[in-house]
Amino acid sequence: MAAPLRKPSTDDRGRDKESERRFAPRTLPDQVAEELGAEIVSGRRKAGERLVELDLARDFGVSRGPIREAIRILERRRLVELRPRRGAYIKPLSLKSVADLFNVRTALSTLAARTMATAPIESYIDTLARRCDEMNALIEIDDPISFARTMTRAVKTIARGSGNELLVELLTDLANHTVWTTIWKTPLDYQTRDLRHMSAGLITSTLKAIRQRKPNAAAVHLAQLLEGDRDRALTTLSRLRGETLDLHALSYDDEPNSSTTNKIVLPPLRA
């Protein structure tokens, strides 16, 4: 017999609201950090470059206080190194490290999908359904960033719906303390109607599997979605940064006729 839907406790609702707050900071230093982080991720700012507070304050039209805090945020996201008496310097960032980030997020998220499908919480099922409706409404709208943010909220809903507090904390820390919160500042995915339609379909299929108490199917659909996101984002970053990456090495597919691109070799975009 299928497990009944769990009713959310007061603690569940409190953690849900708190998690939303932790995921969505929008202060001035946060916005500066997002802009600077996007420049680092895309390769417009190079490893070893010194970040001069006075120059950045002039460029962004703000005082040095928000710049100083933005640099601290980027240090927590492992994009910047603060050297005593020398200042802030950009740390090396490889496409492999970005791929690792995607893979860890996928592993945690698919675990959440399996767990949620085993014993769903009713309110999170409803929330996930609303996220699916929001994404379907955005399919025809050429706004990849809004679509990406809605998709991210859907994945967060699955994490919270798993009822696994440690998993939610790990995903939150992953977002708050790594490059993840800057990586989508420049659109890396969902730039065509067909991609938005396919992605919305996969998250809807994940929801259907969760409702039907099919943990394996839920994990498969979500993994397909997130691995596709990873490969398209890395393709875009490879082009922006002028780097190469073996995508086949990131795939668990051992079929000889796999459609996974073996290697991305793209020239850098012209300025």
Side-chain angles (χ1 to χ4, degrees), residues 16-17 19-27 30-31 33-35 37-38 41-42 98 101-102 105-106 108-110 112-113 116-117 120-162 168 171-172 174-176 178-212 217-240:
D16 190 19
K17 292 178 181 178
S19 184
E20 285 286 357
R21 288 194 294 270
R22 293 173 66 194
F23 267 115
R26 296 299 301 167
T27 65
D30 287 315
Q31 294 176 55
E34 284 186 2
E35 293 287 349
V41 171
S42 67
V98 176
L101 173 63
F102 273 90
R105 180 192 185 226
T106 296
L108 291 172
S109 299
T110 53
M116 186 177 181
I121 298 175
E122 185 175 8
S123 64
Y124 290 124
I125 290 282
D126 295 339
T127 301
L128 184 57
R130 288 197 298 273
R131 299 297 181 228
C132 291
D133 291 342
E134 291 168 4
M135 279 184 286
N136 284 318
L138 288 168
I139 289 175
E140 304 296 337
I141 300 174
D142 187 18
D143 188 352
I145 290 181
S146 291
F147 191 93
R149 286 174 176 166
T150 304
M151 180 65 76
T152 299
R153 286 194 289 270
V155 176
K156 293 171 188 172
T157 299
I158 293 172
R160 292 191 291 272
S162 72
V168 174
L171 281 172
T172 301
L174 192 68
N176 289 340
T178 69
V179 66
W180 189 258
T181 49
T182 65
I183 200 170
W184 294 108
K185 184 65 179 179
T186 300
L188 299 178
D189 201 358
Y190 310 131
Q191 298 191 56
T192 68
R193 181 200 177 278
D194 288 346
L195 281 175
R196 293 191 292 272
H197 182 268
M198 179 185 69
S199 300
L202 285 170
I203 199 70
T204 300
S205 295
T206 303
L207 170 62
K208 181 179 179 180
I210 290 171
R211 279 175 165 162
Q212 293 176 341
V220 166
H221 292 307
L222 188 58
Q224 185 178 350
L225 168 70
L226 297 179
E227 288 172 2
D229 288 350
R230 176 199 65 195
D231 292 352
R232 288 186 295 274
L234 290 171
T235 298
T236 301
L237 287 174
S238 178
R239 183 183 297 110
L240 290 170

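What you are looking at is a predicted structure, and each value in this text was computed from that prediction instead of being measured. Here, residue 1 is the first one in the sequence, and each next residue gets the next number.
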**Prompt:** How far apart are the closest heavy atoms of M151 and Y190, and which atoms are they?
**Reply:** CG-OH, 3.5 Å

**Request:** Might you point out which heavy atoms bring L207 and I125 nearest each other, and give the distance in Å?
**Result:** CD1-O, 4.1 Å

**Complete:** What one should report as the nearest heavy-atom pair of A117 and A209 is CB-O, 4.4 Å

**Complete:** Note: M116 and G161 closest approach over all heavy atoms is CG-O, 3.7 Å

**Fill in**
In terms of heavy-atom contacts, T157 and Y124 come closest through CG2-O, 3.6 Å

**Request:** First locate atom OG1 of T106, then atom CZ of R230, and finally report the distance between them rounded to the nearest 0.5 Å.
**Result:** 6.5 Å

**Atom pair OG1 (T235) and CG (L240), whose distance is rounded to the nearest 0.5 Å** = 11.0 Å

**Request:** Kindly indicate whether the side chain of L222, heavy atoms from C-beta on, has any atom under 4.5 Å from the side chain of I203.
**Result:** yes

**Request:** For T150 and R153, test the side chains for any donor-to-acceptor distance below 3.5 angstrom and give the result as yes or no.
**Result:** yes

**Complete:** Output for pair (L226 CG, D231 CG), nearest 0.5 Å, gives 11.0 Å

**Inter- and intrachain pairs under side-chain hydrogen bond (donor to acceptor under 3.5 Å, both in side chains), touching residues 133-143, at least two apart** = R131-E134, E140-R193, D143-S146

**Item:** Atom pair CG (L225) and OG (S205), whose distance is rounded to the nearest 0.5 Å
**Value:** 10.0 Å

**Item:** Rounded distance [0.5 Å steps], CG in D30 versus CD in E35
**Value:** 12.0 Å

**Complete:** In this structure, NE2 of H221 is separated from CD of Q224 (nearest 0.5 Å) by 8.0 Å

**Message:** With a 3.5 Å distance limit and no angle check, can you tell me whether S162 reaches the backbone of A159 through a side-chain donor-acceptor pair?
**Reply:** yes

**Asked** Taking all non-hydrogen atoms of both residues, which atom of D189 and which atom of G228 are closest, and how far apart?
**Response** OD2-O, 4.4 Å

**Message:** In the structure I gave you, are the side-chain heavy atoms of V155 and R105 within less than 4.5 Å of one another anywhere?
**Reply:** yes

**Request:** Compare all side-chain heavy atoms of S109 with those of L171 and state whether any distance is below 4.5 angstrom.
**Result:** yes

